[in-house]
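Here is the structure we will look at, set down as structure tokens.
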Number of protein chains: 2
Amino acid sequence: MEKDELSEFLSKARSARYPKDSQIFGQGEKAEAFFLLLDGHIRVLRITPDGEQIIARYISSGELFGIAQAIGRDTYPANAIAAVDCVTLSWPGKLWHETVEKYPTFATNTNKVIGGRLQETQDRLLELATERVEQRVASALLKLANQAGKKTEDGILIDFPISRQDISEMTGTTLHTVSRLLSSWEHDGLVKSSRKKITVIEGHRLLLLANGMQDKDR
Amino acid sequence: MEKDELSEFLSKARSARYPKDSQIFGQGEKAEAFFLLLDGHIRVLRITPDGEQIIARYISSGELFGIAQAIGRDTYPANAIAAVDCVTLSWPGKLWHETVEKYPTFATNTNKVIGGRLQETQDRLLELATERVEQRVASALLKLANQAGKKTEDGILIDFPISRQDISEMTGTTLHTVSRLLSSWEHDGLVKSSRKKITVIEGHRLLLLANGMQDKDR
DNA sequence: CGAAGCCTTGATGCGCCTCAACGTACGTGG
DNA sequence: CCACGTACGTTGAGGCGCATCAAGGCTTCG
């Protein structure tokens, strides 16, 4: 897409602000628009008929989301909730098809985005099926630190509020087990955490845990 | 794509036969080609560094697979193994990009294919995280019967050889647990099975199990 | 006809969920 | 700004679902 084409495309966008904990769209709702996250972090949830939920992924700024049109759906497949105050751009759904027609690279690029998410999801499936809770939680922390980490004097802080419950919903376990793990890791100096805040201190040792190695410094 | 364009595209394909249990491509190999399954069934495996594996999906005839190029990868993300004797068409990888450029619908269609697989994978993730083994195995059988079922006088036969081990690798459990479940279901008349062969007899009762309901006919 | 691969079934144990109770930080309204 | 309520976190006790270990039977194929 050329510069002026891009700016024309951008000019059709609507900007919006979502306060922390507000819902941007809901699972099953008619997909009226697709989004680009300008600032903030978004939690993508999938819910079972009987109310249990898991966190499918976190969206960071710069990512497209809610692109139901791209995969030929007319409803959103998940909930999107602002994890912090967020700023988005959005376009009406029908503009997707027009844009794809005009700029074929748009479609091929989307392939890569969706393909990447497919990969990621399959990796998690493999993890969930073959690894123990401790490894999965360690992996999740590392991934979060990687995706949304902020360097501090203590270590790498995950830069949005995240509860034990959230982590349990990312890893298929309970908040109790997560709490116990974090307590034990904090005791051993691997992480530091307080209410809705987690800092990774010794990433390399966490990585050993994630890979199922014994931590000999224990 | 128009008729003569399609036939030109098809004329560039190479046809191949893969005997049962042979490998079509391997995880991590350079992706030289992409494939269309004309006849047969293919098992797609993902393997962990330490040798454990899960079945990501089964491909049925008519489906594209091994489309690493589409998602911007240059290696295959999984193993593809012929579950029965298979016939495929394949095209050199670089033809993907040319084709996409020439026929933009190709890219948008691929979006739908990949999007559908993403959905499916996320559904399985949700299942694996929230449901018990019994429910997952019941779901897997129903899905298989749906995707590759053949009506027989007894019920719906899954139309390719599939072992207890295979089912366990689809559902994140062990062959022992699967064996026990199938035995008990056979005893109750829900299924009928022998070596590498499974027939679903009472789908509706299996569905109840898959949804976590009590089976009151037990 | 033997050997390998697949399936079955029991016994045992443990990883993690569940249930329960209490401590602690946060923010909201008086 | 303090008091209170609510949401979040911690920690223990107990139990169960399912993996693991073990041993033997059956089917298929060379």
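Every chain is numbered from 1, with letters handed out A, B, ... down the list of sequences. The figures that follow rest on heavy atoms only: side chains count, while hydrogens, waters and symmetry mates do not.
- A donor and an acceptor atom, one from each side chain of Thr88(B) and Arg17(B), are nowhere located under 3.5 Å apart.
- Each of Thr174(B) and Lys197(A) was matched to the nucleotide of DNA chain D holding its nearest heavy atom; the match closer to the 5' end belongs to Lys197(A).
- On a pure distance criterion of 3.5 Å, no polar donor-acceptor pair joins the side chain of Arg180(A) and the base of dG9(D).
- Side-chain proximity of Ser163(A) to the nucleotides dC8(D), dG5(C), dC7(C) is greatest for dC8(D).
- Checking the phosphate oxygens (OP1, OP2) of dA19(D), a side-chain nitrogen or oxygen of Thr173(B) falls inside 4.0 Å.
- Side-chain atoms of Gln119(A) and Arg46(B) include a donor-acceptor pair closer than 3.5 Å.
- Note: CG (Asp166(A)) to C1' (dA7(D)) measures 13 Å, nearest angstrom.
- Atom CD1 in Ile198(B) sits roughly 13 Å away from atom C1' in dC6(C) (whole-Å rounding).
- For Ser183(B), the listed nucleotide lying nearest its side chain is dT9(C); candidates were dG5(C), dT9(C), dA19(D).
- In this structure, Leu128(B) places its CG atom 11 Å from P of dA19(D), rounding to the nearest Å.
- Partner Trp96(B) forms a ring pair (Phe, Tyr, Trp, His ring centres under 6.0 Å) with one of Phe35(B), Trp91(B), Phe9(B), Phe106(B) and no other, that one being Phe106(B).
- If you check the side chains of Thr48(A) and Gln53(A), you find no donor sitting under 3.5 Å from an acceptor.
- Residue-to-nucleotide contacts include no donor-acceptor pair under 3.5 Å from the side chain of His176(B) to the base of dT20(D).
- Between dC16(C), dC6(C), dC8(D), one nucleotide has an atom nearer to the side chain of Val133(A) than all others, and that is dC16(C).
- Backbone-only contact: Arg164(B) has heavy atoms under 4.0 Å from sugar-phosphate atoms and none from a base.
- The side chain of Ser179(B) places an N or O atom within less than 4.0 Å of a non-bridging phosphate oxygen (OP1 or OP2) of dT8(C).
- Counting to the nearest Å, the P atom of dA20(C) and the CG atom of Leu175(A) are 15 Å from each other.
- Residues Arg132(B) and Val178(A) each lie close to DNA chain D; by heavy-atom proximity, the contact nearer the 5' end of the strand is made by Val178(A).
- Note: CD1 (Ile167(B)) to P (dC7(C)) measures 9 Å, nearest angstrom.
- Remark: C1' of dT11(D) and CD of Glu186(A) are 15 Å apart, rounded to the nearest angstrom.
- The distance between atom CZ of Arg136(B) and atom C1' of dG17(D), rounded to the nearest whole Å, is 11 Å.
- Between the side chains of Thr130(B) and Glu52(A), no donor-acceptor pair of N or O atoms lies under 3.5 Å.
- Minimum atom distance to the side chain of Thr177(B) is reached by dA19(D), of the listed dC17(C), dA22(D), dA19(D).
- The nearest whole Å value for the distance from the CD1 atom in Ile162(A) to the C1' atom in dG9(D) is 15 Å.
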